[in-house]
Colleague: 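This is the structure I want to talk about, given as structure tokens.
Letters go in sequence order (proteins before strands), and every chain restarts at 1.
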There are 2 protein chains.
Amino acid sequence: MIEATDRKILSALQMDSRRSAASIGETVGLSASACHRRIRLLEDRGVIEGYGARLNAEALGYTVTFFVEVSLEGQSEAILGAFEGAADARPEVLECYLTTGNADYVLKVAALDTEDFERIHRRVISGLPHVTRIQSSLVMKTVKRWRGYPVR
Amino acid sequence: MIEATDRKILSALQMDSRRSAASIGETVGLSASACHRRIRLLEDRGVIEGYGARLNAEALGYTVTFFVEVSLEGQSEAILGAFEGAADARPEVLECYLTTGNADYVLKVAALDTEDFERIHRRVISGLPHVTRIQSSLVMKTVKRWRGYPVR
DNA sequence: TCTGAAAAGCCATTAGC
DNA sequence: GCTAATGGCTTTTCAGA
């Protein structure tokens with residue numbers, strides 16, 4: 001379990017990891033050194049997995065985001081493993097989940113433009129091993145983007 | 001457009017935003033101050049939207065992740081707007097996208113346990129305004145988690 | 001064991017070139 | 001873009017609650 005003060009620290013760092021330990025300590029009622037030590041412990045415990053910059057997709061040239069539901073030709077460990085390894089290796093595949101429901105996998109993909117989308121859909125995804133059926137859903141609007149987990 | 005050196009900087013910061021400008025500058029062939037100025041400009045241009053800690057979902061107590069496909073009872077601006085505002089306000093809804101395809105929206109949701117999942121599915125999602133059909137897909141395995149955009 | 005205070009070293013940031 | 005200088009921050013050490 002995670003203590004209340006630690007949760008406040010995590011919430012602050014999740015929103016803005018460039019805040020200093022002194023600043024966060026001030027808001028949670030700790031000195032800079034005490035706050036810093038707690039952060040270090042949360043890192044060591046694996047609660048904090050790392051720190052990253054949030055980049056603007058459009059600025060990077062990605063104008064198209066889409067989800068792909070993928071079904072495979074079987075459920076054997078060999079088939080699943082082959083697909084997962086190949087999906088993981090493709091940089092176009094941003095995320096990949098094995099799910100219950102109609103499809104076997106849900107993939108999140110980013111493309112530079114509609115031509116790139118076409119290429120990824122027809123060549124990359126369809127070319128992953130043991131794929132039998134794919135169905136893409138284009139993202140027309142991001143209503144709520146990822147801003148981290150609720151920590152309360 | 002973004003220059004090659006800036007892309008290397010972005011890639012490094014996306015992976016680990018705690019690296020110093022001096023360290024990144026060394027790998028991309030710049031002095032600390034030059035690298036720092038480029039980072040500042042990328043922030044000002046909005047290419048870098050912010051910095052955040054990556055937290056471990058299980059450590060926070062989230063054992064269940066699922067996607068929900070949601071259909072609404074109409075497509076009018078009022079209906080879409082009401083749903084989107086309500087979805088955005090729910091902390092359980094981590095992400096929300098308006099998509100093409102069978103459903104109108106795709107939501108990503110995290111739950112503490114199966115009981116919490118039940119609560120969110122039956123009360124939160126179903127209670128969002130103008131929802132007519134929902135279909136959940138439970139994540140059984142995260143094959144590839146979000147690690148940022150390819151910047152090359 | 002966790003805290004706060006102080007010291008040392010590193011880093012971000014700016015100015016000058 | 002680089003070098004140099006400054007101020008702030010991280011990080012460690014140490015003593016007390």
Colleague: Just to verify, what does A:Glu26 make a side-chain contact (heavy atoms from CB on, under 4.5 Å) with, not counting sequence neighbours?
Modeller: none
Colleague: Show every salt bridge (Lys or Arg N to Asp or Glu O under 4.0 Å) that has at least one partner inside residues 80-93 of chain A, sequence neighbours left out.
Modeller: A:Glu84-B:Lys141, A:Asp88-B:Arg147, A:Arg90-A:Glu92, A:Glu92-A:Arg119
Colleague: Does B:His36 put a side-chain nitrogen or oxygen below 4.0 Å from OP1 or OP2 of C:dA12?
Modeller: no
Colleague: Taking all atoms of both residues into account, what is the closest heavy-atom pair of B:Ala110 and B:Leu94, and its distance?
Modeller: CB-CD1, 3.5 Å
Colleague: Mind checking what makes salt bridge (Lys or Arg N to Asp or Glu O under 4.0 Å) contact with B:Glu115, not counting sequence neighbours?
Modeller: none
Colleague: Apply side-chain contact (heavy atoms from CB on, under 4.5 Å) to A:Arg7 and list each qualifying residue two or more places apart in sequence or on a separate chain.
Modeller: A:Met1, A:Ile2, A:Val151
Colleague: Whether A:Arg40 contacts D:dT10 is assessed here as follows: a side-chain N or O lying under 4.0 Å from the phosphate OP1 or OP2. Is that the case?
Modeller: no
Colleague: Test: ring-ring contact (aromatic ring centres under 6.0 Å, His included). Region: residues 54-87 of chain A. Which pairs qualify, not counting sequence neighbours?
Modeller: A:Tyr62-B:Tyr149, A:Phe66-A:Phe117, A:Phe67-B:Tyr97, A:Phe83-A:Tyr105
Colleague: Under a 4.0 Å heavy-atom cut-off, which of residues 1-19 of chain B touch DNA chain C?
Modeller: none
Colleague: Please list all pairs meeting salt bridge (Lys or Arg N to Asp or Glu O under 4.0 Å) that have one or both residues in residues 8-21 of chain A, counting only residues at least two apart or in different chains.
Modeller: A:Arg18-B:Glu43
Colleague: Rounded to whole angstrom units, what separation is found between the CD atom of A:Glu26 and the C1' atom of C:dT3?
Modeller: 17 Å
Colleague: Which atom pairs link the protein and nucleotides 2-5 of chain D when you take only N or O atoms and keep those under 3.5 Å?
Modeller:
unit_1	atom_1	unit_2	atom_2	d
D:dC2	OP2	B:Ser31	N	2.8
D:dC2	OP2	B:Ser31	OG	2.7
D:dC2	N4	B:Arg37	NH2	3.0
D:dT3	O4	B:Ser33	OG	3.0

Colleague: Tell me, please, which residues at least two apart from B:Ser136 pass side chain to side chain donor-acceptor pair (under 3.5 Å).
Modeller: B:His121
Colleague: Report the distance from atom CZ of A:Arg38 to atom C1' of D:dT11, rounded to the nearest whole Å.
Modeller: 18 Å
Colleague: Compare all side-chain heavy atoms of A:Ile9 with those of A:Ile39 and state whether any distance is below 4.5 angstrom.
Modeller: yes
Colleague: Calculate the interatomic distance between B:Leu41 atom CG and C:dA12 atom P; express it in whole Å.
Modeller: 16 Å
Colleague: Under the salt bridge (Lys or Arg N to Asp or Glu O under 4.0 Å) rule, what pairs show up with a residue in residues 45-63 of chain B, not counting sequence neighbours?
Modeller: A:Arg145-B:Glu49
Colleague: Taking only residues two or more places apart in sequence, or in another chain, which ones meet A:Met15 in a side-chain contact (heavy atoms from CB on, under 4.5 Å)?
Modeller: none
Colleague: How far does the helix from C:dT1-D:dA17 to C:dC17-D:dG1 bend, going by the axes of its first and last five pairs, to the nearest 10°?
Modeller: 30°
